Protein chains: 2
Amino acid sequence: MERQTRQKQAVMQAIETSGRSLNAAEIWSLAQLEVPSLNLSTVYRQIKTLHDEAQVVRVDLPGQPPRYEAPCHAPRTRGHEHHHHHFHCTGCEQVFPIHGCPGGIERLAPRGFQVQSHDLTLHGHCAACVGA
Amino acid sequence: MERQTRQKQAVMQAIETSGRSLNAAEIWSLAQLEVPSLNLSTVYRQIKTLHDEAQVVRVDLPGQPPRYEAPCHAPRTRGHEHHHHHFHCTGCEQVFPIHGCPGGIERLAPRGFQVQSHDLTLHGHCAACVGA
DNA sequence: ATCTTTGCAAAACCTTTGCACTGCG
DNA sequence: CGCAGTGCAAAGGTTTTGCAAAGAT
């Protein structure tokens, strides 16, 4: 049976309250504000558990370590995660969700290929880094 | 001054003749057919050299180790690499180039964000794996 | 008291680096 | 020959795992 611990809560809360996608180290930093003794291994283990329970979604961006974010149920579609993409700021390295999606992507595949899904990542400067 | 070696030729040839994007291990396997004693470190070093010389292009797909491919000069645009994306086959794990690109991607960014570039990856089954 | 979860340290995995040797020019 | 390039082994960075101790129920 699953137990409630300060560590687990700290990890979950870090992911939920950030509003963006965090990698393991970022989650660790944030969760340590809550539980200073928190160990990185524990963060990885909690991430794995939460991911298996579909409490967090893994976000893979090209050339980057995996990030994790809280499931976004906005236009709730039968329990499915809302389809969205990500903006990667090359200034502060933070990753933000973006909600649109260009159409007609299936048409780009070579003839005979079958598209199951797609990932789109935008790179650039976030509002804060454009100003700076 | 730069020297010609069997190892360098084997690495370059593996990348050029494959017609797709290869990771370090794949390059190693292929190049070893040519030079069986080839060391993985040498492969990494040659990749780095070739990449610095713009002889190979690095391809990062979400959640995957970096791959490398020969530059595609098709619609040669003043020496620039032709802008393209990739199709990742979830069956055979191979990666293929795709040449279209959906428009209006900049419009997806949040207000105040500045888009510099983008990556698009399609996932699915390639023609061979659809048939199988 | 039981049994999951934790912290620590070691291992695993991929990539890079130090160093002496090979071999191209 | 001289020095770029190679092989090997060791080191780095990140994630995973083994194990004894801690702590939730």
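Lettering follows sequence order; numbering is per chain, from 1. The basis for the numbers below is simple: all heavy atoms, side chains too, and nothing from hydrogens, waters or symmetry mates. On a predicted model such as this, the values are computed, not experimentally measured, just so you know.
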Residue mapping more 5' on DNA chain C - nearest nucleotide basis, B:R3 or B:P66: B:P66
Side-chain H-bond candidate by donor/acceptor type, A:H84 with A:E69, under 3.5 Å: yes
Lys/Arg-Asp/Glu bridge criterion (N-O < 4.0 Å) met for A:E53, A:K48: no
OP1 or OP2 of D:dG5 under 4.0 Å from side-chain N/O of B:Q7: no
Which residue lies more 5' along DNA chain D, comparing A:A24 with A:R45 via nearest heavy atoms: A:A24
Side-chain N or O of B:Q46 closer than 4.0 Å to phosphate OP1/OP2 of D:dT6: yes
Any B:L108 side-chain heavy atom under 4.5 Å of A:P102 side chain: yes
Test side-chain contact (heavy atoms from CB on, under 4.5 Å) applied to A:V95 and A:F87, step by step: CA-CA 6 Å; A:V95 171; A:F87 184 102; over 6 Å; no
Value in whole Å for how far the P atom of D:dG13 lies from CG of A:N23: 16 Å
Under 4.0 angstrom between B:N39 side-chain N/O and D:dT6 OP1 or OP2: no
Between P of D:dT16 and CG of A:D52, the distance in whole Å: 11 Å
A:K8 side chain near C:dT5 phosphate (N/O to OP1/OP2, under 4.0 Å): yes
Value in whole Å for how far the C1' atom of C:dC14 lies from CD of B:Q64: 14 Å
Separation of atom CG in A:L40 from atom P in D:dT16, rounded to whole Å: 11 Å
Sugar-phosphate, base or nothing in reach of B:T49, heavy atoms under 4.0 Å: nothing
A:S41 vs C:dG7: side-chain N/O to OP1/OP2 distance below 4.0 Å: no
A:H86-A:D119 side chain donor-acceptor pair, cut-off 3.5 Å: no
Residue met sooner reading DNA chain C from 5', once B:E2 and B:K48 are mapped to nucleotides: B:K48
Length of the line joining B:I47:CD1 and C:dC14:P, which is rounded to integer Å: 14 Å
Separation of atom CH2 in A:W28 from atom P in D:dG13, rounded to whole Å: 14 Å
Any B:T5 side-chain N or O less than 4.0 Å from OP1/OP2 of D:dT6: yes
Rounded interatomic separation in angstrom, taking CD1 from B:I27 and P from C:dC14: 15 Å
Whole-Å gap separating P (D:dG5) and CG (B:L38): 15 Å
